[in-house]
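Worksheet: the structure to be examined is printed underneath.
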Amino acid sequence: MDTAIETSLESMGDWQEDLYEDVHRHPELSMQEERTAGRIERELAQLGLETRRFGGTGVVAVIENGKGPTVLARADIDALPVTEDRIVDYRSETDGVMHACGHDFHLSALLGAVRALVENREGWSGTYVAVFQPGEEEADGALSMLRDGLAEAVPRPDVALGQHVMPGIAGQVAITDGPVLSQGDSVHITLHGRGAHGSMPHLAVDPVVLASSIVLRLQQIVSREIPPGSFSVVTVGALNAGTKSNVIPATAELRLNLRHYDTDVRDQVIAALERIVRAECEASGCPQEPEFEYYDQYPLTSNDPEQEQLVRAAFEEAFDDGQVITMAPATASEDFSHLPDAFGAPYVYWTVGGTDPDLYRRAQAAGTIASDVPANHQSAFVPELRPTLAVMTRAQVVAALAYLDGAASDHPDSGTPEESASDTSDGAAAAPPRD
């Protein structure tokens, strides 16, 4: 890494920690991130960068620095409707809202990476596209930016980069090829029965009994229809029906959550799900077909193997021995991959641990990680500020420099910052080959 960039990373601690603490104190729900977006815009303006909004509260800055590859780096910025219960000096000041998923770390790290690159343009060549994305928690933030013209407004990236803070030893970087995060679907099913007096069940088509039968039958999809080596989750999170003990309602509602690493397995599960629901409705004599609504749909996050190897090698060179590990795929989901998919670009996504090392190791030894280590979306999930934030910032820079690795002065044909960095003609820093 260029010495000047290294110095920048080591010297931004106070500024960056103040930034993080301010964002953590003022969390904003999905697609409502006006204050957060404004703070991001001010920080980028102080670096002399022009910004543009996409999807309402999404902020994008393009840093052109001669010829070479184009790297897109993304951070999500929204918070959750969770009440913080961990006592820290910078705890949330917004009732019922907190950064319970660590997006405050993500945006602070990306702003730090932008600052290091902007202040040291002589140490790299190409184009860096910084995307601060709203609404990840509602699965629509990336799509909202794309609907607003993002893909047409910025250079096509040769690679996209993303990261997430997770439970794990603070500062430990985890990466893998192939599936990283699951594909997620939520399903709202409406069952139509026939209501009646509770004392006259023979006059009803009871949707409560019907829904109960469906819930039990759905458990057999994973255990009896999906091969044992394939990952699949079918969770019934809600069953709602009726209002009074002596009234058989006319309808019942189910809400399900599905998670997969393989789209073929997902398609098989959805087909089985609809088959079972329709068959149970027919067996019960329902007067109307069931209704299916699919929502909060997250794409599969699966790292390009070739690009993952390149970024992993850069991480292993930049971080201490043992600090970079191979992660197991997580069952959580993300909408990050919508962005590179829209460009037809490969991507690399990794995680960084944010748990106090002593706490994590004790829980690991006792087999109590699930109960003793706060996880994303929990009210006590406030990752350790140090060294987590510094490591996440370094990871963003190191991953970007795996592509933007030639100093501008080393490229005799390098263009001015105003020229498009997507041009990889002779003399430009060529992007690594991709599928």
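Numbers here are sequence positions counted from 1. All values reported here derive from a predicted model rather than from experimental measurement.
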Y261 side-chain N/O to A330 backbone N/O, donor-acceptor pair under 3.5 Å: yes
Could you check whether any side-chain N or O of D356 sits under 3.5 Å from a backbone N or O of L359, counting only pairs where one atom can act as donor and the other as acceptor?
yes
In short, E308 meets T176 closest at the heavy-atom pair CG-O, 3.2 Å
_Checking the side chain of E280 only, and the main-chain atoms of L210 only, is there a donor and an acceptor separated by less than 3.5 Å?_
no
Taking R35 first and then E93, would you say they form a salt bridge - that is, a charged N and a carboxylate O separated by under 4.0 Å?
no
Closest non-hydrogen atoms of S108 and L389, given as atom of the first, atom of the second and distance, are CB-CD1, 3.8 Å
Checklist line | Heavy-atom side-chain contact between Q297 and S186 under 4.5 Å | finding: no
Lys NZ or Arg CZ of R115 over W15 ring: under 6.0 Å, within 45° | yes
In short, R278 meets P290 closest at the heavy-atom pair CG-CG, 4.1 Å
Closest heavy-atom pair, A332 versus R259, reported as atoms and distance to 0.1 Å, is C-NH1, 3.7 Å
Interatomic distance, NE2@H188 vs CD@E293, rounded to 0.5 Å, equals 6.5 Å
Tested for side chain to side chain contact (heavy atoms under 4.5 Å, CB included) against N303, the lone hit among V180, L181, V311 is V180
